[in-house]
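Reading through the structure tokens given below for one structure.
What you see below is based on every heavy atom in this structure, not just the backbone, and it leaves out hydrogens, waters and symmetry mates.
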Amino acid sequence: PMANVLSPVHLLKAAKEQWVLAREFLQTPPLMLPVLTVWFSFFGGSLHSPVTTFFYLELEASDIDIGMIGTYMDLGSLFSALMAAKLLTKYGAHLAVSIGCFFCATGCLLRGLSNTVPQLYMSAVMIGLGSFHTTVMCIISNNTPRSKRTLVVGGYLIQLTILSLIGKLLYPVWHYFLESILQYLGIYSELFRDRITMSICSFFCVTGFFALALDDPKKYNTVYVEELEENSDADQKKEAVGEYNGSFLLLSLALILLATCSTAGTTLWPLYLHDTLHWGSQEFSYLIFVRSFLSIVCMALVPGFEHQIGKFRALYFMALVSAVFTAAFWYNSLGSIELTFHVVAALIFFSAISAMETSLKSLTSLNSPASLTTSVFGVLALLGGVGNIIGNLAGTYLYSLAKTQELPFLVQ
């Protein structure tokens, strides 16, 4: 089955499916502008992703502080996820996405202007409140049939990852361009340069906000739920007998655990490389570019892999791969051989995590009670937010503790 999934024919088929799906998003009136807005915003946000952790370090944030910044952002995201379905139902997609754009733009600008860690906390909450990609996921879910859930969830995540990949690829170009201009003007401050980079994503959110403001909001007043027409009776029967509520609970717990591991790894990786190799944002940008590229390939292959061996078996396999390759982070120092192993193993680990996210979100949404149909992705974002908070707090606390005292091997 693995050989079939990785065959050139299947890879081309997966790429074609994603292209067709992106066109469908843009050709469906309720989806077009919200999808374009989140695409534009994600691209802008990825321009500063390589420098984010290093910007925090420049403002003298500690490892614990960086974890708390992520926690405050996740708390804002939790509230945003809770409100996503309510805003869509009551006010429509136009206003719901516009509110997200406003908070995201304001938070990014405040972060770029921050001078202290408490100011970073405040901006993190604002950015979290502006996590409107969950709102757009709810809109997409409500406008696509249930039978295409894995393809749609995976496709949406792939599209965002591709835009993130492009932004990360352009970061070295942006870095060189901005530094050249600032040096021409006689400005040599690295902190000032990074402030501009951290604030640039506000432009993209503001652009989306005004695009929505100038558009006719009436066509976004209705949330369409096509899948209810074909599945509501079956779902209600299943819920009545409790056929899959147990599966939904277990999958929800797995989603929290996945988000915990993913967030801890994402937060700690640049700190790990900074402490062991003294890498900066420039070197790290190349590594996360490769990570994004591999994640895109893995997520695109998930539907075909699930078709070959089944949804749950595919999920178990990806979980096993990610668990094995946590070995990437076992070293306290990195020589040339250890560095090579670390890079390869870490890239496999993060790619497996990305593929698992696609599969697990699809499975959880398909096993959700009928009462959650219109808000299921808000619930998934809420569960992910809980895991993100745990990952940020526990990950940075243990990492900081490991610097000062000897911990058990597995904890270390």
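Relative ring orientation between Phe204 and Phe43 is described as perpendicular, the plane-to-plane angle rising above 60° on a 0-90° scale split at 30° and 60°. Using the six-membered ring where Trp is involved, Tyr272 and His342 have ring planes that are tilted, between 30° and 60° apart. Using a 30° and 60° split on the angle between ring planes, Tyr121 and Tyr72 fall in the tilted class, from 30° to 60°.
The CE atom of Met126 lies 10.0 Å from the SG atom of Cys108; values are rounded to the nearest 0.5 Å. From Cys298, atom SG reaches atom CD of Glu357 across 13.0 Å, with rounding to the nearest 0.5 Å. A distance of 5.0 Å separates CZ of Phe317 from CZ of Phe305, quoted to the nearest 0.5 Å. Interatomic distance, OG1 of Thr358 versus CG of Leu363, reported as 11.0 Å (0.5 Å rounding). Interatomic distance, CZ of Arg111 versus CE of Met198, reported as 3.5 Å (0.5 Å rounding). Distance CD1/Ile127 to CE/Met122: 12.5 Å, rounded to 0.5 Å.
Between Leu110 and Gln119 the shortest side-chain heavy-atom distance does not fall below 4.5 Å. Ser252 has its side chain within reach of Thr364: a pair of non-hydrogen atoms, C-beta onward, lies under 4.5 Å apart. Between Ser354 and Thr161 there is no side-chain heavy-atom pair separated by less than 4.5 Å.
Thr266 and Arg291 form a side-chain donor-acceptor contact under 3.5 Å, judged by distance and modelled atom types alone. Side-chain atoms of Asn392 and Thr71 form no donor-acceptor pair, as typed in the model, at a separation below 3.5 Å.
A donor-acceptor pair is defined here as one N or O able to donate and one able to accept, closer than 3.5 Å; no such pair exists between the side chain of Ser41 and the backbone of Thr37. Checked by atom type and distance alone, the side chain of Tyr399 pairs as donor or acceptor with a backbone atom of Leu271 at under 3.5 Å. Looking only at distances, no side-chain donor or acceptor of Ser262 sits under 3.5 Å from a matching main-chain atom of Ala259. Side chain of Thr326 to backbone of Ser322: no donor-acceptor contact under 3.5 angstrom is found. With Thr106 contributing its side chain and Phe102 its backbone, the two residues share a donor-acceptor pair below 3.5 Å. Side chain of Ser49 to backbone of Gly45: no donor-acceptor contact under 3.5 angstrom is found. Side-chain atoms of Ser359 do not come within 3.5 Å of backbone N or O of Met356 as any donor-acceptor pair.
The shortest non-hydrogen separation linking Gly385 to Leu78 is CA-CD2, 3.6 Å. The minimum heavy-atom distance between Pro172 and Tyr286, with the atom names listed, is CG-CE2, 3.9 Å. Across every non-hydrogen atom of Ile389 and Leu75, the tightest pair is CD1-CD2, 3.5 Å. Closest of all the heavy-atom pairs between Ala105 and Ser202 is O-OG, 2.8 Å. Nearest approach of Pro50 to Ile288, heavy atoms of both residues: CG-CD1, 3.7 Å. What you find for Glu60 and Asp65 is that their closest heavy atoms are O-OD2, 4.3 Å.
Not less than 6.0 angstrom separates the ring centroid of Phe55 from the ring centroid of His48.
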query: Do Ile196 and Trp174 pass the side-chain contact (heavy atoms from CB on, under 4.5 Å) test, and can you show the C-alpha distance, the side-chain angles, and the key distance before you say yes or no?
result: CA-CA 11 Å; Ile196 296 175; Trp174 164 258; 4.2 Å; yes

field: Test log, rule side-chain contact (heavy atoms from CB on, under 4.5 Å), inputs Tyr56 and Leu120
entry: CA-CA 8 Å; Tyr56 296 156; Leu120 289 174; 3.8 Å; yes

query: Can you check side-chain contact (heavy atoms from CB on, under 4.5 Å) on Leu268 and Thr396, steps first, answer last?
result: CA-CA 7 Å; Leu268 297 181; Thr396 50; 4.1 Å; yes

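The residue from Ile256, Leu258, Asn388 that alone fulfils the side-chain contact (heavy atoms from CB on, under 4.5 Å) condition with Leu383 is Ile256.
Shown here is Leu191, whose CG atom has more than 12 heavy atoms of other residues, nucleotides or ligands within 6.0 Å.
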